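What's counted below: heavy atoms across the whole structure, side chains too, no hydrogens, waters or symmetry copies. Because the structure is predicted, anything quoted here is derived from the model rather than measured.
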Amino acid sequence: MPVQPLAELIRFARLNSPFYQELYSHLPDQVTQLTDLPVVPQAEFWRANSPRGNRLLTAPLREAVVFRSGGTTGSPKFSFYTRTEWREFTSAFGAGLVNAGLRPGHRVADLFYAGDLYASFSFILDSLHRSPVANVRLPLGGATPWESTAATLEEFQVEVVAGTPTTLCALAERLTAAGRTLPDVELLFFGGECLFGDQLPLLGRAFPNAEARSLGYASVDAGLLGEAVPGGDPRVHRAFAPHTAVEILDDEADVPVAGIGVPGRLVVTDLRRRLMPVLRYPAGDRAEWVDRDAGVFRILGRAEEGVRVGPVSLYTEDVHDIVRGADTAGEITGLQLVVRRRDGRDGLVLRLATGEPGSRHDALGAAVAAAVLAQRPAYVGAADAGHVNPLTVEWARHQDLAVNSRSGKLVRVVDERPHS
């Protein structure tokens, strides 16, 4: 299906989707600019997109593939693609894998998760299948025992391993604990979540000849978002023009940011999907332009990925940067922000992962906590005033960090406060 003119796509959505008909009821008959449209209100969007009594889709559900997103909290969210839309989605992403580093003949292990309507395993496998370069695909999945995965990677001399950073780090930790490495691996293709610098030393020990690269940026609900851009920063991507239009909007208003390097909310419009139209849909991430004319942007992390402890707000990306600066020897392989409630007050726990936790890490833990508090003096003030409990540190192995039970992705913020 060719890319549709924006005005035609808007007209089609208004005529055939009750949700968009209502959302655009205040607009003139002819709309030709994205900025003339309201940003999709996500809560209303997903309420309209229910399996029964659907008010978002533009046609009865008679031919489609269905996927689920939404994680472990909130209501599940279902996404629908016709076979043509799915083929074009995976073909475009497969072409982008070449920019990520895929080469003819590469043997690629797909370690993403499958089942329970989860998309990533099928998506990566189909994208590899439709990539313009020949490759050998090994559909292992993310739930296979690590010994079996490692044996297959060795037997086939796999050169590319694709998975979430959490899956790749968990495998790396198992390998290093067993005194094994996989020197044949050249590329670690990660996706689905951010890869932080504190994870690179662990990956380097298990895969000594591998480079970690983003395989691209997409989501099952928003669709194509960005293809990998070769270079040193894996957060940088290029919009999938002409398939989609990407905007970065001001955090406080639904207007495009002005200039390069100005953070904002990433919003996407898919110019090919018609069964489930995606028009100015918030992707859930913050980003900034690197080259606006070329459609190149840098992902800055999840828009909502932070935590509020009493009166103090902290964002995972900021805390990661502080921890990485304090961990000069590169011993920390993972981090979670854990919120607990004790004695009527909230408190923040830094859960730090390392190979073999022990008392020798006490000094490092104290240095990390001091660095965080030095950069976030508001937390010190809140603790001194009795509004929150003091910041504490606990150590764990990477494999013991909390993960999403369906996707295997690391849960960056763990809220252990009672909510009943």
Side-chain angles (χ1 to χ4, degrees), residues 1-6 8-24 40-71 74-96 110 112-131 137 139 141 191-192 216-225 240 242-245 267-284 404 406-407:
M1 181 183 298
V3 171
Q4 302 161 82
L6 178 62
E8 163 57 22
L9 181 58
I10 296 169
R11 186 191 69 82
F12 178 82
R14 294 178 79 169
L15 283 175
N16 296 282
S17 166
F19 169 81
Y20 280 108
Q21 186 179 62
E22 181 178 341
L23 182 64
Y24 297 160
V40 163
Q42 280 202 335
E44 289 86 344
F45 180 93
W46 290 112
R47 276 198 295 268
N49 197 28
S50 57
R52 299 185 183 184
N54 193 294
R55 300 181 63 254
L56 175 68
L57 300 184
T58 59
L61 191 60
R62 292 175 179 156
E63 197 290 309
V65 60
V66 181
F67 294 110
R68 185 208 317 257
S69 61
S75 301
K77 304 172 178 66
F78 299 96
S79 294
F80 307 88
Y81 291 81
T82 67
R83 67 180 66 193
T84 299
E85 291 168 348
W86 185 253
R87 182 174 62 249
E88 292 176 343
F89 184 16
T90 52
S91 294
F93 197 84
D110 182 354
F112 282 93
Y113 279 75
D116 198 21
L117 302 186
Y118 199 67
S120 63
F121 178 83
S122 297
F123 174 65
I124 295 305
L125 198 62
D126 287 354
S127 296
L128 288 165
H129 173 71
R130 297 190 170 105
S131 175
R137 299 167 294 284
Y217 177 35
S219 70
V220 68
D221 49 357
L224 293 168
L225 290 163
F240 275 98
H243 305 81
T244 56
V267 172
V268 64
T269 296
D270 194 310
L271 297 172
R272 294 199 177 212
R273 291 174 71 180
R274 289 168 70 91
L275 176 61
M276 178 180 154
V278 172
L279 298 164
R280 297 200 94 191
Y281 177 84
N404 182 298
R406 288 198 309 111
S407 68

**OP:** Report the C-alpha distance between L61 and N54 in whole Å, list the side-chain angles of each, state the deciding distance to 0.1 Å, and finish with yes or no for side chain to side chain contact (heavy atoms under 4.5 Å, CB included).
**Re:** CA-CA 9 Å; L61 191 60; N54 193 294; over 6 Å; no
Subject >> Flag side-chain contact, heavy atom, 4.5 Å: L225 against T244 >> reply: no
Original post:
Considering only heavy atoms from C-beta outward, does the side chain of P282 approach that of V40 to under 4.5 Å?
Top reply: yes
Original post:
What's the spacing between Y113 OH and F121 CZ if we round to 0.5 Å?
Top reply: 12.0 Å
Subject >> Taking every non-hydrogen atom, the tightest pair across F93 and A218 >> reply: CE1-CB, 3.9 Å
Original post:
If you round to the nearest 0.5 Å, how far is CD of E63 from OG1 of T84?
Top reply: 7.5 Å
Original post:
Checking ring-ring contact (aromatic ring centres under 6.0 Å, His included) against F67, which of W86, F78, F80 comes through?
Top reply: W86
**OP:** May I ask you to say whether R55 pairs ionically with E22, meaning some side-chain N is under 4.0 Å from a carboxylate O?
**Re:** yes
Original post:
So, does T269 use its side chain to make a donor-acceptor pair with the main chain of R280 at under 3.5 Å?
Top reply: yes
Original post:
Does a side-chain N-to-carboxylate-O contact under 4.0 Å join D110 and R137?
Top reply: no
Subject >> R14 side chain near I10 side chain, heavy-atom distance below 4.5 Å >> reply: yes
Subject >> side chain to side chain contact (heavy atoms under 4.5 Å, CB included) between D270 and H243, worked out >> reply: CA-CA 6 Å; D270 194 310; H243 305 81; 5.7 Å; no
Original post:
Less than 4.5 Å apart, any side-chain heavy atom of P242 and any of L271?
Top reply: no
Original post:
Salt bridge between E85 and R272, side-chain N to carboxylate O under 4.0 Å?
Top reply: no
Original post:
Looking only at heavy atoms, what is the nearest atom pair of F112 and G191, with distance?
Top reply: CE2-O, 3.7 Å
Subject >> Donor-acceptor contact present, side-chain N49 to main-chain F45, <3.5 Å >> reply: no
**OP:** For the residue pair Y20 and Y24, categorise the inter-ring angle as parallel (less than 30°), tilted (30 to 60°) or perpendicular (more than 60°).
**Re:** tilted
**OP:** Validate the cation-pi geometry between R274 and F12: distance from NZ or CZ to the six-membered ring centre under 6.0 Å, angle to the ring axis within 45°.
**Re:** yes
Original post:
Taking the side chain as C-beta and beyond, is there a heavy-atom pair between M276 and L56 under 4.5 Å?
Top reply: yes
Original post:
Side chain of Y81, backbone of R273: donor and acceptor closer than 3.5 Å?
Top reply: no
**OP:** Not counting sequence neighbours, which residues clear side chain to side chain contact (heavy atoms under 4.5 Å, CB included) with P41? List them please.
**Re:** F19, L23, E44
Original post:
Would you say the side-chain atoms of S127 pair up with the backbone N or O of F123, donor to acceptor, closer than 3.5 Å?
Top reply: yes
Subject >> Where A59 and L275 come nearest, the two heavy atoms and their spacing >> reply: O-CD1, 4.0 Å
Subject >> Polar side chain donor-acceptor pair, R130 to T90, under 3.5 angstrom >> reply: yes
**OP:** Using atom types as modelled and distance alone, determine if a side-chain donor or acceptor of S131 lies under 3.5 Å from a backbone N or O of G94.
**Re:** yes
